[in-house]
2 protein chains.
Amino acid sequence: MHKEHTLTKNQQIIFDLIDKSPEPMKAYSILFNVQKKGIKAPLQVYRALDKLVEIGKIHKIESRNAFIACHNSSCQVSKATAFSICEICEKVTEISSASLSKYLANFKDKDGMKYSKYNLEFFGLCKKCR
Amino acid sequence: MHKEHTLTKNQQIIFDLIDKSPEPMKAYSILFNVQKKGIKAPLQVYRALDKLVEIGKIHKIESRNAFIACHNSSCQVSKATAFSICEICEKVTEISSASLSKYLANFKDKDGMKYSKYNLEFFGLCKKCR
DNA sequence: ATTTAGATTGTTATAATATAACACTATGTA
DNA sequence: TACATAGTGTTATATTATAACAATCTAAAT
């Protein structure tokens, strides 16, 4: 359905790191972790992050300036994202709910406008922190 | 229903500026604009912004690192926000839809968890830019 | 009126996040 | 081969945000 993107070396290194991380990673934390692999400058990280976001392999958690691997097989290229964020432990979970995405994709604002692109962040306490 | 907060001098100056602005304002743009009123340092701005966000007089547009006055009379203290953002002209509009807020407040994730606090940003093209 | 607790202020310094500009290199395709 | 496009490496810098500390204001309770 969609083009498979072959990741470049930097993109792969950075994706692997984020994908293995149990929590969202911040750009400079990523930088610190990949310096031993030859990625030395912030821009190298940000460029890879931009591309990975663009092709849907990772998502940016806007309220946290952090990045998480996409674990929702249906949103590889999607820009329609939803997350829950624990306000205590900062655990972030991607929400993949067909009814939610359907509702939001069909939502019309007061001008009758629909939006296929959105980002939704829910805040609360996760199971463990409740 | 809710406590009226009397704004302090700095808070009032900064709120007035944001409230008059037709578009979201960034912190350092706010700083530049209030320097003639004696607010000289970033922290003075950020502290007022934090408080204004906390009491619901303004909202932060997370994807833009910018602040907009609340024009939704029902969300003075609310943390349940929704916006549409034009990807060309960057116009931001707060969405106040009873059905949307009802849907989101009642949304349950796969653990059955509900969230009273959320932020939703829709992206698309506004009327003028379409 | 005085005390006191909490919020707010002013200030300097610094941390954290992100991009500009430019020359160079790899990769795929005509 | 040669051309276009995307990616790289690098230095410098812009932008966004917070730490720490002393001083001041404000409201409520003596």
Side-chain angles (χ1 to χ4, degrees), chain A residues 2-18 21 23-68 77 85 90 92 119 121, chain B residues 2-18 21 23-68 77 85 90 92 119 121:
Chain A
H2 60 76
K3 189 183 171 204
E4 277 304 332
H5 291 268
T6 310
L7 301 185
T8 65
K9 186 169 131 287
N10 287 2
Q11 289 162 10
Q12 190 69 57
I13 290 170
I14 288 172
F15 175 72
D16 286 346
L17 180 66
I18 296 171
S21 172
E23 64 212 10
M25 292 195 77
K26 296 181 150 246
Y28 277 72
S29 160
I30 292 168
L31 174 60
F32 177 80
N33 277 276
V34 297
Q35 279 179 326
K36 51 183 167 295
K37 302 214 173 177
I39 296 175
K40 291 172 188 159
L43 245 198
Q44 295 175 283
V45 172
Y46 279 104
R47 284 195 286 223
L49 290 174
D50 285 350
K51 189 66 187 184
L52 290 167
V53 166
E54 185 192 328
I55 65 180
K57 297 284 287 182
I58 65 173
H59 303 303
K60 182 172 187 181
I61 309 303
E62 293 287 356
S63 65
R64 299 300 188 260
N65 298 318
F67 300 85
I68 191 179
V77 191
I85 302 172
E90 294 291 324
V92 173
N119 181 53
E121 297 180 4
Chain B
H2 60 77
K3 190 183 171 202
E4 278 304 332
H5 290 268
T6 310
L7 301 186
T8 65
K9 187 169 131 285
N10 287 2
Q11 289 162 10
Q12 190 68 57
I13 290 170
I14 287 171
F15 175 73
D16 287 344
L17 179 66
I18 297 171
S21 172
E23 62 211 12
M25 292 195 77
K26 296 182 149 243
Y28 277 72
S29 159
I30 292 168
L31 174 59
F32 178 80
N33 276 275
V34 297
Q35 278 179 326
K36 50 182 169 295
K37 303 215 170 173
I39 297 175
K40 291 172 190 160
L43 244 198
Q44 293 175 284
V45 172
Y46 279 104
R47 284 195 285 224
L49 290 174
D50 285 351
K51 190 67 186 184
L52 291 167
V53 166
E54 185 191 327
I55 65 179
K57 299 284 287 182
I58 65 174
H59 303 302
K60 182 172 187 181
I61 309 302
E62 293 287 356
S63 65
R64 299 299 188 260
N65 297 318
F67 299 86
I68 191 178
V77 191
I85 303 173
E90 293 290 325
V92 173
N119 181 53
E121 298 180 4

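Reminder, nothing fancy here: chain letters follow the sequence lines and each chain counts from 1. This one's a predicted model, so the numbers in the text were calculated from it and none came from an experiment.
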Check the distance between D/dT16's P and A/Lys26's NZ and give it to me in whole angstrom. 15 Å
Nearest-nucleotide 5' precedence on DNA chain C, B/Asn10 against A/Pro42: B/Asn10
A/Ile30 CD1 - C/dA18 P separation (whole Å): 10 Å
Planes under 30° and centres closer than 5.5 Å, is that true for B/Tyr46 with the base of D/dT18? no
Can you measure B/Leu31 atom CG to D/dT15 atom P for me and round it to whole angstrom units? 13 Å
Side-chain touch B/Ile39/B/Ile30, heavy atoms, less than 4.5 angstrom: no
Which whole-number value in Å describes the distance from A/Gln35 CD to D/dT10 P? 12 Å
Would you check if A/Ile85 and A/Ser63 make a side-chain contact, meaning some heavy-atom pair closer than 4.5 Å? yes
Spacing of A/Lys60 atom NZ relative to C/dT19 atom P, expressed in whole Å: 7 Å
Would you kindly give the CD-to-C1' distance between A/Gln11 and D/dG9, to the nearest whole Å? 15 Å
Establish, with yes or no, whether the OP1 or OP2 oxygen of D/dT10 is under 4.0 angstrom from a side-chain nitrogen or oxygen of A/Gln44. no
Mind calculating the distance between CD1 (A/Ile13) and C1' (D/dG7) to the nearest angstrom? 13 Å
Pi stacking test for B/Tyr28 and D/dT15: under 5.5 Å apart, planes under 30°: no
Short side-chain N/O contact from B/Asn65 to OP1 or OP2 of C/dA18, under 4.0 Å: no
Between B/Asn10, B/Asp16, B/Leu17, which is the residue that forms a side chain to side chain contact (heavy atoms under 4.5 Å, CB included) with B/Val34? B/Leu17
Could you pick out which residue, A/Arg47 or B/Ala27, lies toward the 5' side of DNA chain D when each is mapped onto its nearest nucleotide? A/Arg47
Phosphate oxygens OP1/OP2 of D/dA6: is one of them under 4.0 Å from a side-chain N or O of A/Lys9? no
In whole angstrom, give the distance that lies between atom CG of A/Leu49 and atom C1' of D/dA6. 17 Å
Regarding the side chain of B/Lys40, the nearest nucleotide among D/dG7, D/dG9, C/dT11 is C/dT11
Can a side chain N or O of A/Thr8 be found less than 4.0 Å away from OP1 or OP2 on C/dA26? no
Where the side chain of A/Leu43 is defined as all heavy atoms beyond and including C-beta, which of C/dC22, D/dA17, D/dT11 is the nearest nucleotide? D/dT11
Of the options C/dT8, C/dT11, D/dT18, whose atoms approach the side-chain atoms of B/Lys51 most closely? C/dT8
Is there a side-chain contact between A/Asn33 and A/Met25 in this structure, where contact means two heavy atoms from C-beta onward sitting under 4.5 Å apart? yes
Of the listed nucleotides (D/dT11, D/dT16, C/dG10), which one gets closest to any side-chain atom of A/Ala41? D/dT11
Would A/Ile55 and A/Gln11 satisfy side-chain contact (heavy atoms from CB on, under 4.5 Å), going step by step from the backbone distance to the final call? CA-CA 11 Å; A/Ile55 65 180; A/Gln11 289 162 10; 5.6 Å; no
